[in-house]
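Okay, handing you the structure first.
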Amino acid sequence: MRKQRTILVVEDEESIRKLVVHILESEGYRVLPARDSGDAFMTSENHAGPIHLLLTDILMDPHMDGIQLAQHLCILRPEMRVLYMSGYPKNLTVRANLEMSSEVFMAKPFTPETVRAKVLAILEDAIVRAAA
């Protein structure tokens with residue numbers, strides 16, 4: 001099942017992006033890496049199949065943050081789920097403005113186990129909802 005799932009990873013810090021890509025590829029997911037919103041739009045446009053999950057940093061791009069990116073990409077790809085990540089989880093104002101639950105948010109630093117668990121939970125939930 002995982003090999004059929006495609007994840008777009010958008011992260012401006014190369015070391016974090018490479019780590020997340022490695023973790024997800026080792027789990028059998030197809031991963032599309034992008035360094036910023038422009039790269040993410042191009043990658044999404046050039047990918048012919050579905051993108052099941054957008055895993056994006058919140059604060060990364062001076063032109064568009066991860067929340068705005070997700071809003072725009074989800075219009076183009078309504079089947080896509082979103083998982084946000086940030087190194088600033090204690091900023092309650094940001095969290096309140098995002099109105100996001102812990103299910104769609106992953107705090108940095110994270111462990112490989114956290115990445116695997118969050119991604120699996122979101123994708124499994126999407127499968128259950130699609131079957132209902």
(request) Check M64 against S37 and note the closest heavy-atom contact, atom names and distance. (result)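 Heavy atoms only, the tightest pair is CB-OG, 3.7 Å.
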
(request) Identify which one of L120, L24, L19, L83 satisfies the side-chain contact (heavy atoms from CB on, under 4.5 Å) criterion when paired with V115. (result)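 Only match with V115 under side-chain contact (heavy atoms from CB on, under 4.5 Å): L24.
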
(request) Check P33 against V21 and note the closest heavy-atom contact, atom names and distance. (result)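 That would be CB-CG2, 3.9 Å.
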
(request) Might you point out which heavy atoms bring S26 and R116 nearest each other, and give the distance in Å? (result)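 Of all heavy-atom pairs spanning S26 and R116, the closest is OG-NH2, 4.4 Å.
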
(message) Rounded at 0.5 Å granularity, tell me how far CZ in R81 sits from CD in E124.
(response)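 One gets 11.5 Å once the value is rounded to the nearest 0.5 Å.
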
(request) Please test F110 against I16 for side-chain contact (heavy atoms from CB on, under 4.5 Å), starting from the C-alpha separation and ending with a verdict. (result) CA-CA 10 Å; F110 43 74; I16 295 173; 4.1 Å; yes

(message) For a quick test of reading the model, state the closest non-hydrogen atom pair linking S86 to I58 and the distance between them.
(response)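 Of all heavy-atom pairs spanning S86 and I58, the closest is CB-CD1, 4.0 Å.
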
(request) Quick one: pull up NZ in K118 and CG in L123 and give me the separation to the nearest 0.5 Å. (result)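 That separation rounds to 13.5 Å.
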
(request) Looking only at non-hydrogen atoms, find the nearest pair between T43 and A34 and report the distance. (result)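 Closest pair (atom of T43, atom of A34, distance): OG1-CB, 4.4 Å.
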
(request) Check step by step if side-chain contact (heavy atoms from CB on, under 4.5 Å) holds for L32 and V9. (result) CA-CA 6 Å; L32 308 171; V9 175; over 6 Å; no

(message) One pair to check against side-chain contact (heavy atoms from CB on, under 4.5 Å): E45 and H47. What are the steps and the verdict?
(response) CA-CA 6 Å; E45 185 177 305; H47 181 71; over 6 Å; no

(request) Decide yes or no for I7 and I51: does some side-chain heavy atom of the first lie under 4.5 Å from some side-chain heavy atom of the second? (result)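 With C-beta onward as the side chain, the pair stays apart.
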
(message) To the nearest 0.5 Å, what is the distance between CE on M106 and OG1 on T114?
(response)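 Taking CE in M106 and OG1 in T114, the distance rounds to 7.5 Å.
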
(request) Give, for atom CG of D36 and atom CG of D57, the distance between the pair rounded to the nearest 0.5 Å. (result)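 Result: 11.5 Å between the selected atoms.
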
(request) For residues F105 and M85, report the shortest heavy-atom separation together with the two atoms involved. (result)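 Heavy atoms of F105 and M85 come nearest at CE1-C, 4.4 Å.
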
(request) Please say which of R35, K108, K18 ends up in a salt bridge (charged side-chain N to carboxylate O under 4.0 Å, His left out) with E11. (result)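 Answer to the salt bridge (charged side-chain N to carboxylate O under 4.0 Å, His left out) test with E11 among R35, K108, K18: K108.
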
(request) Would you give the length of the straight line joining atom NE2 of H52 to atom CZ of R30, rounded to the nearest 0.5 angstrom? (result)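 The CZ atom of R30 is 11.0 Å from NE2 of H52, to the nearest 0.5 Å.
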
(message) For a side-chain contact (heavy atoms from CB on, under 4.5 Å) check, start with the C-alpha distance between L8 and L73, then their side-chain angles and the critical distance, and finish with the verdict.
(response) CA-CA 11 Å; L8 175 57; L73 283 178; 3.9 Å; yes

(request) Can you measure from OH (Y29) to OG1 (T6) and round to the nearest 0.5 angstrom? (result)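 OG1 of T6 is found 11.5 Å from OH of Y29.
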
(message) Test your reading of the model: is there a side-chain donor-acceptor pair from R77 to the backbone of L54, 3.5 Å cut-off?
(response)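 No: the side chain of R77 does not pair with the backbone of L54.
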
(request) Could you tell me whether a side-chain N or O of Q68 sits under 3.5 Å from a main-chain N or O of D65, the two making a donor and an acceptor? (result)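 Here the side-chain-to-backbone pair exists.
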
(message) Under the rule for side chain to side chain donor-acceptor pair (under 3.5 Å), what residues qualify as partners of R17, not counting sequence neighbours?
(response)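 Not a single residue meets the side chain to side chain donor-acceptor pair (under 3.5 Å) criterion with R17.
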
